[in-house]
Trainee: 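The structure's right below; bear with me while I get my questions together.
Order of the sequence lines sets the chain letters (A, B, ...), proteins ahead of strands, with each chain counted from 1. All values below were derived from every heavy atom in this structure, side-chain atoms included, with hydrogens, water molecules and symmetry-related copies excluded.
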Protein chains: 2
Amino acid sequence: MTRAAALKRPTLHDVAREAGVSLITASRALSNPGVLSEKTLERVLQAVQDTGYIPNLLAGGLKSQRSMTIAGLVPIISVPQFLPTIRTLTETLDAAGYQLFLGQSGYDYSREERLIDTMLARRPDGIVVAGLVRSEQARDRLRRLGVPVVETWDLSDRPIDVVVGFSHLKVGSAVAGYFLSKGWDRVGIATGDDQRAMQRLEGFLAAFGRDVPTVKVPAPSNLAVGRRALAELLQKDPDIQAIYCSSDGFAQGVLVEAAHRGLRVPEDLAVCGFGDADFAAHLLPSLTTVHVDGAEIGRRAAQLMLDRCKGIAIEHPIVDLGFRIVERESTGKRTLPTN
Amino acid sequence: MTRAAALKRPTLHDVAREAGVSLITASRALSNPGVLSEKTLERVLQAVQDTGYIPNLLAGGLKSQRSMTIAGLVPIISVPQFLPTIRTLTETLDAAGYQLFLGQSGYDYSREERLIDTMLARRPDGIVVAGLVRSEQARDRLRRLGVPVVETWDLSDRPIDVVVGFSHLKVGSAVAGYFLSKGWDRVGIATGDDQRAMQRLEGFLAAFGRDVPTVKVPAPSNLAVGRRALAELLQKDPDIQAIYCSSDGFAQGVLVEAAHRGLRVPEDLAVCGFGDADFAAHLLPSLTTVHVDGAEIGRRAAQLMLDRCKGIAIEHPIVDLGFRIVERESTGKRTLPTN
DNA sequence: CTGTTAGCGCGTTCAT
DNA sequence: ATGAACGCGCTAACAG
């Protein structure tokens, strides 16, 4: 039944016959309508309607060597952090006729190389990565193949091809600087163990000037582990004044656990997150965090990829979109009542 | 450069030549290794290594009429609700060699028909939908084409093909029953305006027996709009006792706003969410909600789709995975201290 | 167990 | 402005 129906699907050949033109004329009516006379064009389009023709991009792509697909590599699809990026990436590519397909490399990166090969088998016209490709072998391979690659959510002097993001090292040192400016001495860190969070940690410690109590959890972090993380940090230092968390969900867990323990935020404990998730501004107290424009990363990544696919030269292959610390109540910012 | 490198990519032909076998033998070494002699198999695999061959699934799919891809239709990719489903769907399909590609229909459903046609042009072996396909025309078209379709997160007597989910009508009446059992009379509803939330609303009102103050917001709802929704509901009824929210993020906003206004939960105001998001159990107070196993929906949907693709008959095309109300502190459940 | 033949549906190249 | 021939890279169907 399925098979039978599939075999019945009209091809461009059927359309051409129905319209009384040659195959190629029918083809042009869809891909390059400008060159046809109005009458033939109209006849073909009518035939498309009548036959219920749906183009076969697989066949077209085989010949033209352009699949009109882009592969996307993410650690895990459900990481909230990357969602706005995936959304705008999908939308921008879609508007240009490209389809994004996603693959999960997992946070241990062991699957990275195999995954890339699996995806390459579908002949994507390009690859967008959340983060940097870590395997040197995979980087070499991609460079050698000449596939357009846009790495995101990070920065590198030596991207495979193009990179659009920001410096996690700088984020870390900016937060440390902020904490220092507040005069906080006894601080702690609750962080996921992924590469980018580790870089922020490194930047923080370098700028802070000394080691601080740290709880490291397997990425991705969330509210539940945030609660446990605060418990652990308080064991390490009961008089801790401020905590930097590697995600807003993580930070929210710290807020909840603080409330549970009767700690006032920010008086007893200040909290800073990362990412500026949609809820951060609306928590009680509102959450100080590092704002990153994930949606813009997706848009820029898509645009760069589209340029790359069109063969347009890319002037600046390293795009730093920056970040900013958004100060809110959880680190002591006074605000007017909302609403 | 890209183009040149792309043209240099080894084909199965190159592998066959390198191994000194025919094209089809090389093909079988990859797709059906069992039928070859060990020696030839080894020779071919060696040649694959030497040449750096990456199969071309586009070409293979053209001939075999199986693209090994599944199309996924979601309202918006970043809706938290569907994330576990998308994750397990991706994983289960991936394990079977299938690639999921996602398309966003948007909550207004106007793009639904066009999107389906766009996706069909890539010749997916099947389509998984988050929710039901609403357009009757699209339903007819899909049925006629004989494409395997798995609708999810809902139930229907008359699915296009297969459906795996639960009854939103029953969810609504179950929550209403729960509220009634608590003796709450002055209740309110904060809900998104998507089809499924509307059905839960309908079920609630039917079981509750009369109309109640309701705030309807455009889907998807989140924490920020939850805060505003509570403000609105309190205007409609300052003495409201309990609120049912159409998502946990929405409910969290209600909790936050309640705290902001000095309302004690559950003493002054009881709150029930929907979805049992990962944070629901860890909020303060923990959130009573309707548990739905989104990950299992994804797994089952994938399995049913794989069966369908293999031509295995599906005995029960309507799979009800049910739901359950998880009572927590936000509606008065006493709990032992956590940790 | 291995090979030959014949396309899958479409776009490119050249001709008219 | 339109068409004929060819092949993209691979696999199904049949031979041997």
Side-chain angles (χ1 to χ4, degrees), chain A residues 3-4 6-44 47-48 51-69 97 120-125, chain B residues 3-4 6-45 47-48 51-69 97 120-125 311:
Chain A
R3 196 60 96 199
L7 291 181
K8 269 198 318 193
R9 281 196 204 172
T11 72
L12 202 50
H13 184 80
D14 300 323
V15 174
R17 195 157 32 77
E18 178 86 11
V21 299
S22 77
L23 187 62
I24 183 60
T25 301
S27 170
R28 283 199 266 254
L30 300 174
S31 58
N32 200 3
V35 301
L36 296 186
S37 76
E38 270 197 41
K39 285 163 197 164
T40 35
L41 178 56
E42 202 163 326
R43 277 230 306 281
V44 175
V48 167
T51 55
Y53 172 70
I54 301 174
N56 185 333
L57 262 40
L58 265 44
L62 186 60
K63 182 68 195 172
S64 63
Q65 305 283 18
R66 298 183 315 122
S67 63
M68 300 298 282
T69 64
L120 283 176
R122 310 215 177 249
R123 294 298 187 269
D125 295 336
Chain B
R3 198 59 97 199
L7 292 181
K8 269 198 315 192
R9 283 197 202 170
T11 71
L12 201 51
H13 185 80
D14 300 321
V15 175
R17 194 155 33 76
E18 177 86 9
V21 298
S22 77
L23 187 62
I24 187 64
T25 300
S27 170
R28 284 199 266 253
L30 300 173
S31 59
N32 201 4
V35 302
L36 296 186
S37 78
E38 273 198 38
K39 285 162 198 168
T40 33
L41 177 56
E42 203 163 322
R43 279 230 307 282
V44 175
L45 293 182
V48 167
T51 54
Y53 172 70
I54 300 174
N56 185 332
L57 263 40
L58 265 43
L62 186 59
K63 181 64 192 175
S64 63
Q65 303 283 17
R66 297 182 315 123
S67 63
M68 300 297 285
T69 63
L120 283 175
R122 308 211 179 254
R123 295 298 186 266
D125 295 335

Trainee: Quick one: A:L120 CG to D:dG9 C1', roughly how many Å, whole number?
Mentor: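 Nearest whole value for this atom pair: 16 Å.
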Trainee: Mark yes or no for whether B:S27, through its side chain, and B:L23, through its backbone, hold a donor-acceptor pair below 3.5 Å.
Mentor: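 No, B:S27 side chain to B:L23 backbone: no donor-acceptor pair under 3.5 Å.
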Trainee: As an exercise, state the distance from OG of A:S31 to CD1 of A:I24, rounded to the nearest 0.5 Å.
Mentor: 7.0 Å
Trainee: So, is A:T25 near the phosphate of D:dG3, with a side-chain N or O under 4.0 Å from OP1 or OP2?
Mentor: yes
Trainee: Quick one: do B:N56 and B:T11 satisfy side-chain contact (heavy atoms from CB on, under 4.5 Å)? Show the steps, please.
Mentor: CA-CA 8 Å; B:N56 185 332; B:T11 71; over 6 Å; no
Trainee: Report yes if a donor N or O on one partner sits less than 3.5 Å from an acceptor N or O on the other, where the partners are the side chain of A:R9 and the base of C:dG9; otherwise report no.
Mentor: no
Trainee: For B:Q65 and C:dG9, is the shortest distance between a side-chain N/O and OP1 or OP2 below 4.0 Å?
Mentor: yes
Trainee: Might you work through the side-chain contact (heavy atoms from CB on, under 4.5 Å) test for A:L30 and A:L12, ending with a clear yes or no?
Mentor: CA-CA 10 Å; A:L30 300 174; A:L12 202 50; 3.9 Å; yes
Trainee: When you match B:R28 and B:R123 each to their closest nucleotide on DNA chain C, which lands nearer the 5' end?
Mentor: B:R28
Trainee: For B:N56 and D:dC8, give me the distance from atom CG to atom P, rounded to whole Å.
Mentor: 12 Å
Trainee: Which heavy atom of A:V15 sits nearest to which heavy atom of A:A26, and what is that distance?
Mentor: CG1-CB, 4.5 Å
Trainee: Write down the distance between CG (A:L57) and C1' (C:dG9), rounded to a whole number of angstrom.
Mentor: 11 Å
Trainee: Under the 3.5 angstrom rule, does the side chain of B:R123 hit a backbone N or O of B:T69 as a donor-acceptor pair?
Mentor: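 Not confirmed, B:R123 side chain does not pair with B:T69 backbone.
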Trainee: Nearest whole angstrom, please: distance from the P of C:dA6 to the CG of B:L62.
Mentor: 18 Å
Trainee: Atom CG of A:L58 to atom P of D:dT11: distance rounded to whole Å?
Mentor: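 After rounding, the gap between these two atoms is 13 Å.
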Trainee: For B:A47 and B:E18, work out which heavy atoms get closest and say how close.
Mentor: CB-CG, 3.6 Å
Trainee: Of all the choices, D:dC8, D:dT11, C:dC10, which nucleotide is nearest to the side chain of B:S64 once you look at every atom?
Mentor: D:dT11
Trainee: Quickly work out the A:L23 CG to C:dG9 C1' distance and round it to whole Å.
Mentor: 8 Å
Trainee: Look at all strands and tell whether A:L12 reaches a base, only sugar-phosphate, or nothing, counting heavy atoms closer than 4.0 Å.
Mentor: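 Sugar-phosphate contact only.
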Trainee: When you get a sec, tell me which of C:dC10, C:dT4, D:dG9 is the closest nucleotide to the side chain of A:Y53?
Mentor: C:dC10
Trainee: Rounded to the Å, how far apart are B:R66 CZ and D:dC10 C1'?
Mentor: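 From B:R66 CZ to D:dC10 C1': 13 Å.
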Trainee: Hey, is the side chain of B:S22 poking within less than 4.0 Å of OP1 or OP2 on C:dG3, counting only N and O atoms?
Mentor: yes
Trainee: Taking all non-hydrogen atoms of both residues, which atom of B:L62 and which atom of A:A59 are closest, and how far apart?
Mentor: CD1-CB, 3.6 Å
Trainee: Just report the end-to-end axis angle for the helix from C:dC1-D:dG16 to C:dT16-D:dA1, five pairs per end, to 10 degrees.
Mentor: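 Between the first-five-pair axis and the last-five-pair axis there is 30°.
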Trainee: Can you sort out which residues in residues 29-40 of chain A have a heavy atom within less than 4.0 Å of DNA chain C? Ascending by number, please.
Mentor: none
Trainee: Measure CD1/B:I24 against C1'/C:dT5 and give the value in whole Å, please.
Mentor: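 Atom-to-atom, B:I24 to C:dT5, this comes out as 11 Å.
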Trainee: The side chain of A:S27 is closest to which nucleotide in this list: C:dG11, C:dT4, D:dT11?
Mentor: C:dG11
